[in-house]
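Presented below is the structure to which this report refers.
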2 protein chains.
Amino acid sequence: MATLKYSRQRESIQEFLNASCDHPTADDVYMNVRQQYPNISLGTVYRNLNLLAELGEAIKITTPNGGVHFDGRTEPHYHFCCNECGNVLDLELEQLNCINEAAGKNFDGVIESHEMLFYGTCKDCLKQN
Amino acid sequence: MATLKYSRQRESIQEFLNASCDHPTADDVYMNVRQQYPNISLGTVYRNLNLLAELGEAIKITTPNGGVHFDGRTEPHYHFCCNECGNVLDLELEQLNCINEAAGKNFDGVIESHEMLFYGTCKDCLKQN
DNA sequence: TACAATTATAGTAACTATTATCATTATTGA
DNA sequence: TCAATAATGATAATAGTTACTATAATTGTA
């Protein structure tokens, strides 16, 4: 099995992810890290974001409008996606642990986890109307 | 505003969607409807699936493994996505209506709806281990 | 039934997001 | 310092989806 080797690019990607309050896309990360490493490749950004997600050091959030967002906050929590601007935000809501069991009651299979995405209009988009 | 005109291709797509118990992808629909209309275009399938979703006569389900599935059952319900095979199945679980309100408590914005996707291993994939 | 207006289609090209390839560079342990 | 190997940048390739356009189908009206 390949052993992990340090890279400054990966470190920079992870630092940006941890420092950002919103949930950047791969392109957002690329645009930002480029300021520090001007000739970093977009492929490197994708490779490392997926690697961090596999290692459990980042969460991948897939939204229906097609965008994939990344989150450096790794403890499980829920997200909100604005119908107007598409931005993804964190939600303060306790984790519903017992719901996996409830969902498994009438289901032939094993349920291990769940993800929930709330929809509506964010604060900024409310202002603009 | 353009008025909707009947097309047999759209009818066939909708019929297949309503008759299928699983949740086909655009390509699944294409492969099936092609048996009835051998030279239907994949573009026609996409156009009509998106149209049906806009009209509220189908639900679009986006899964993290990248696949987009369609569901002819339009009343709100939850879904399960198998980590092994990627198939999407319906879940028998009452709708959590009060959760939108609970999520809105500490949130600056309006929450209108939510989607929940459960993960685990489906019956068929359990057998194979 | 015929016709005109308009929408939908098939076929294809274009596009976007992401992944694969590969020669070169960086990291690591001895 | 050096050898082994993983990571990178640049680019090509891929997959899924949408856009374009000439032709065909549908619909309302006479």
Side-chain angles (χ1 to χ4, degrees), chain A residues 1-17 23-55 57-71 81 85-88, chain B residues 1-17 23-55 57-71 81 85-88:
Chain A
M1 178 175 52
T3 53
L4 202 65
K5 247 173 201 175
Y6 170 86
S7 96
R8 35 188 109 175
Q9 288 90 339
R10 186 188 308 131
E11 184 176 60
S12 177
I13 288 168
Q14 189 161 14
E15 271 174 9
F16 172 68
L17 213 55
H23 303 71
T25 63
D27 212 64
D28 294 335
V29 174
Y30 177 56
M31 289 307 181
N32 190 284
V33 177
R34 214 137 82 115
Q35 294 171 14
Q36 194 176 354
Y37 296 100
N39 52 358
I40 192 174
S41 167
L42 184 56
T44 298
V45 173
Y46 272 104
R47 190 164 2 90
N48 280 299
L49 284 173
N50 286 330
L51 181 58
L52 290 172
E54 275 175 35
L55 295 175
E57 298 184 24
I59 293 175
K60 208 170 173 175
I61 310 161
T62 307
T63 66
N65 14 29
V68 176
H69 298 249
F70 289 86
D71 191 347
C81 179
C85 65
N87 279 351
V88 175
Chain B
M1 178 174 53
T3 53
L4 202 65
K5 247 172 203 174
Y6 170 87
S7 95
R8 35 187 108 175
Q9 287 89 339
R10 185 189 309 130
E11 183 175 60
S12 178
I13 288 167
Q14 188 162 15
E15 271 174 10
F16 172 67
L17 213 55
H23 303 72
T25 63
D27 211 64
D28 293 335
V29 174
Y30 177 56
M31 289 309 182
N32 189 284
V33 177
R34 214 137 82 115
Q35 293 172 13
Q36 195 176 355
Y37 297 99
N39 52 358
I40 192 174
S41 167
L42 184 56
T44 298
V45 173
Y46 273 103
R47 188 167 3 91
N48 281 300
L49 284 173
N50 286 329
L51 180 59
L52 290 172
E54 275 175 36
L55 296 174
E57 299 184 23
I59 294 176
K60 209 171 173 174
I61 310 161
T62 307
T63 65
N65 14 29
V68 176
H69 298 249
F70 289 86
D71 190 347
C81 179
C85 65
N87 278 352
V88 175

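In what follows, every chain begins at residue 1, and chains take the letters A, B, ... in the order their sequences are listed.
When distances run from any side-chain atom of A/S7 to the nucleotides C/dA8, D/dT8, D/dT17, the shortest one goes to D/dT8. Nearest to the side chain of A/A26, among C/dT18, D/dT8, D/dA7, sits C/dT18. Listed nucleotides D/dT8, D/dG9, C/dT18 differ in distance to A/S41; the shortest reach to its side chain belongs to D/dG9. In this structure, of D/dT17, C/dT19, D/dA7, it is D/dA7 that holds the atom nearest to the side chain of A/R10.
We find that OH of A/Y30 is positioned 14 Å from P of C/dT18, with the value rounded to whole Å. The interatomic distance linking B/H69 (NE2) with D/dG16 (C1') rounds to 13 Å, in whole Å. Rounded to an integer number of Å, the gap from OH of A/Y37 to P of C/dT25 is 18 Å. Rounded to whole Å, atom C1' of D/dA24 lies 14 Å from atom CD1 of B/I40. Between A/E54 atom CD and D/dA7 atom C1' the separation is 15 Å, expressed in whole Å. B/E11 places its CD atom 11 Å from the P atom of D/dT27, with the value rounded to the nearest Å. Atom P of nucleotide C/dT18 and atom CG of A/L49 are separated by 10 Å, given to the nearest angstrom.
When the side-chain nitrogen and oxygen atoms of B/N39 are compared with OP1 and OP2 of C/dT9, none of them lie within a distance under 4.0 Å. Of the side-chain N and O atoms in B/R47, one or more sit less than 4.0 angstrom from OP1 or OP2 of C/dT9. Within the structure, a side-chain polar atom (N or O) of B/Q9 is placed less than 4.0 Å from OP1 or OP2 of C/dA10.
Screening A/T25, A/I40, A/I13 against A/Y30 for a side-chain contact (heavy atoms from CB on, under 4.5 Å) leaves a single residue, A/I40.
In terms of position on DNA chain D, the residue among A/L51 and B/L42 whose nearest nucleotide sits closer to the 5' end is A/L51. Between B/K5 and B/N48, the one whose closest nucleotide on DNA chain C sits nearer the 5' end is B/K5. Both B/D27 and A/Y6 sit near DNA chain D, but only A/Y6 has its closest nucleotide nearer the 5' end.
Judged by distance alone, with hydrogens and angles left aside, the side-chain atoms of A/N48 form a donor-acceptor pair with the main-chain N or O of A/T44 at under 3.5 Å. Distance alone, capped at 3.5 Å, places no donor-acceptor pair between the B/H69 side chain and the B/I61 backbone.
Using a 4.0 Å heavy-atom criterion, one finds that A/Y46 contacts the bases of the nucleic acid, with or without backbone contacts as well. Within the nucleic acid shown, B/R8 comes within 4.0 Å of sugar-phosphate atoms alone, with no base atom in reach, counting heavy atoms only.
A/Q36 and A/S12 share a side-chain donor-acceptor pair at under 3.5 Å. Counting only N and O atoms by type, the side chains of B/R10 and B/Y6 include no donor and acceptor under 3.5 Å apart.
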